[in-house]
Amino acid sequence: MQHRIAELRRLLDYHNHKYYVENAPEIDDITFDGLMRELQDLEQAHPEWDDPDSPTHRVGSDLTREFQSVEHLHPMLSLSNTYSREELGEFFDRVEREVEQAEYVAELKFDGTAISLIYQNGRLLRAVTRGDGVRGDDVTTNVRTIGSVPLRLTGDDYPEMFEIRGEILMPYASFDRLNEERMQSGEQLFANPRNAAAGSLKQQNPAVTAGRGLDCFLYFLVGDDLPFATHYDSLMAMRRWGFKVSERTTICHSRQEVYDYIDHIDELRHTLPFATDGVVIKVNSYANQRRLGFTAKSPRWAVAYKFKAEQAETRLCGVDFQVGRTGAITPVANLEPVQLAGTVVKRATLHNADQIAALDLRIGDIVYVEKGGEIIPKITGVDLSARPADSTPLQFIERCPQCGTPLVRPEGEAKHFCPNSSACPPQIVGRIVHFVGRKAMNIESLGDETIALLHSAGLVSDVADLYDLSAADIARLPRLGDRSAATIVANIADSTKVPFARVLFALGIRYVGETTAKSLAAHFGSIDALMSASAEELAETEDVGERIAESIVNFFADEQNRARVERLRAAGVQFEQQSKEPTSASLAGLSFVISGTFEEYGRDQLKEMIEQAGGRNVAAVSAKVDYLLAGDNMGPAKRAKAEKLGVKIIDINGFVEMLGVGKQPETPKPYAENTAIQGSLF
């Protein structure tokens, strides 16, 4: 059995590398998933053979912890930037004054977030962000979830310990999917893949990072005593060891070859599946790198050539004001069609009233359009010389374009909102579309057009109305017959089996996305506990900050929302977290409040342990609570309340003793820095 586990791990590591690094999968997803399930089952049956580097741990645990600040072994310096051939020529002049027959390596400049990885005996030991260049955050747990980062190296010629640096980025496909999910849940969109990658890497919950679809390219091996004469040789070795190294890296023997490479990448970058913002040029020879040395801020042997953002001029023909399901008003510019970065652009986001005012936009203006992060078209300026003398500034609307309600702008918010949530058509339809979505109630056969049709016919004006629909009502509508109507009604009925966490997400509470809904459901256990929670109690939940807590309180303060919950409850929708049957009675009849963070356990894991032992999880401290399980960083107010009410306070060791089980293995100790490795790198 142990042999089969080892074989499955080897196979899955191999196919992971083929898929994430070489982009040449040899098996389909179904076969891969089957191997993964077999390994998961075997590891669950034989926990004594667990291995932290197993492919099953790639998904990330629910363990939540603060990021520890770590001093870099070698400072992570920045590169000097150049923006023209003339500036790049000056770099070549400086190099070639000191180095005869200089040879260069030209690479893509990835638009992501820098990372430093440390390996010991072929295993990933630590991953640290750039930070301020001297200290960064230890994000090892999150980086381990990225499929293209090898947990174990292949081959046998790598140093016993070394540092390697690269870039973590978010491919366009992952970025589009993430922003679509955030838009559906009413969360603020990421401006570009770079910000999305940085935010994903710093998630407190590694499982969230695992689901973000991050990628990682490596581009430099650190150290003075490396077993290579050139940077290019080290890149080829890195690839042999299992690291993802760009195939578009090349050796250039002259500055003209570098210029040709830049021209090639400038054209190619619009077809790449990830964001690039330039080219990095490095002197190839390590001996020449040492000869050239460093300035206080950057190496003299490397430079970044940054592409200018592709820009086009076109005319602003008008502005539409769109209403989202949360009531947010988004202005969208209508443009004369123009070719930009390989696509025809007809519309561009204007974000909010402040941006319109800052640009002093006027209908008929000749505007400059760029693609932010190579993705989202945006207006960056106006050609004032082409503006007619009689033009007037564009005014942001004062009333909702759909229902005529006066708009409001909450304090501290950049956007205007339509407050008429109960009668504004696009808000109603948008909420229903969100409610029936695949990650929410998953009611198939109800597409956007069908929902709009149901609303316009007066059959549905609230998500709860769906559960009152009859097949006869639906069958009378255009393009829908008896068979379609029966299917829709059956699918609506099936949605009552959807678990509480997804129901909570489906309600469309502003800022409560899929992950936050899961945390809230696990923490409070029922809609009643959630509705009665204070902002302070809500903020103690994983993934819930002050803004989200306030939004939840405001949502349930609205009587219409409470009435909607009651109608859905009456229809059979799940509003309680389903717990598994207890496997022991060691905590039978006892209630627990969990607060703070725990080194070895995630909060959801602790809650499940309590339920499996016959105990009950409670969201807030009260006189009826038996125990407060206290972790690190627990709020002093909660401890004071527990002491005042006479609630027993226990730590994790006391809790494990109550369960009557052995303590979990300790996590590996932090890596002790090895000063034998010298050198510095951006």
Side-chain angles (χ1 to χ4, degrees), residues 52 57-79 110-120 123-151 161-170 174 178 190-220 222 243 297 515 542-545 596-603 631-633 667-675 677 679-682:
H57 294 317
R58 287 282 195 183
V59 296
S61 70
D62 65 353
L63 182 63
T64 299
R65 65 180 74 213
E66 296 294 326
F67 296 108
Q68 182 181 7
S69 177
V70 177
E71 185 171 352
H72 289 298
L73 294 179
H74 319 99
M76 291 186 74
L77 304 181
S78 301
L79 284 176
F110 301 103
D111 195 14
T113 184
I115 195 72
S116 168
L117 307 177
I118 297 172
Y119 283 79
Q120 186 174 33
R123 287 186 158 193
L124 175 64
L125 190 63
R126 176 185 284 177
V128 184
T129 63
R130 181 197 296 276
D132 62 4
V134 177
R135 300 186 68 87
D137 287 333
D138 186 333
V139 290
T140 309
T141 304
N142 287 353
V143 167
R144 290 175 67 87
T145 70
I146 301 173
S148 50
V149 175
L151 304 181
M161 180 177 289
F162 64 91
E163 184 175 3
I164 187 170
R165 292 183 178 168
E167 201 92 356
I168 289 175
L169 49 85
M170 179 172 285
S174 300
L178 176 61
F190 284 111
N192 53 56
R194 179 183 62 256
N195 291 357
S200 300
L201 190 60
K202 296 298 291 291
Q203 289 292 314
Q204 290 293 311
N205 187 341
V208 177
T209 305
R212 290 286 177 87
L214 297 176
D215 201 352
C216 182
F217 282 90
L218 284 304
Y219 48 61
F220 205 90
V222 182
F243 294 107
K297 296 182 178 180
T515 300
E542 183 180 335
D543 300 318
V544 175
T597 58
F598 301 85
E599 183 69 20
E600 299 168 21
Y601 301 90
R603 189 171 292 192
D632 297 332
N633 305 313
T667 53
K669 294 181 179 180
Y671 164 62
E673 293 181 356
N674 186 327
T675 56
I677 300 180
S680 182
L681 180 63
F682 48 92

Is the shortest heavy-atom distance from the side chain of [X] to the side chain of [Y] under 4.5 Å?
| X | Y | answer |
| --- | --- | --- |
| Thr129 | Thr113 | no |
| Arg144 | Pro206 | no |
| Leu201 | Asp137 | no |

Minimum-distance pair of heavy atoms, taken over all atoms of Ala196 and Leu178: CB-CD2, 4.2 Å
Closest non-hydrogen atom pair, Gly136 against His72: N-NE2, 3.8 Å
Matching residue for Ile168 among Thr209, Asn142, Val143 - test: side-chain contact (heavy atoms from CB on, under 4.5 Å): Val143
Option from Asn195, Leu214, Asp215 for which side-chain contact (heavy atoms from CB on, under 4.5 Å) with Met170 holds: Leu214
Distance in Å, [X] [atom1] paired with [Y] [atom2], rounded so as to fall on 0.5 Å steps:
| X | Y | atom1 | atom2 | result |
| --- | --- | --- | --- | --- |
| Cys216 | Phe243 | SG | CZ | 9.0 Å |
| Leu117 | Leu125 | CG | CG | 10.5 Å |
| Ile164 | Ile115 | CD1 | CD1 | 12.0 Å |
| Arg123 | Leu151 | CZ | CG | 9.0 Å |

Determine yes or no for a side-chain-to-main-chain donor-acceptor pair under 3.5 angstrom, with [X] supplying the side chain and [Y] the backbone.
| X | Y | answer |
| --- | --- | --- |
| Glu167 | Gly112 | yes |
| Tyr219 | Gly166 | yes |
| Arg126 | Tyr119 | no |

Side chain to side chain contact (heavy atoms under 4.5 Å, CB included) between Ser116 and His74, worked out: CA-CA 10 Å; Ser116 168; His74 319 99; over 6 Å; no
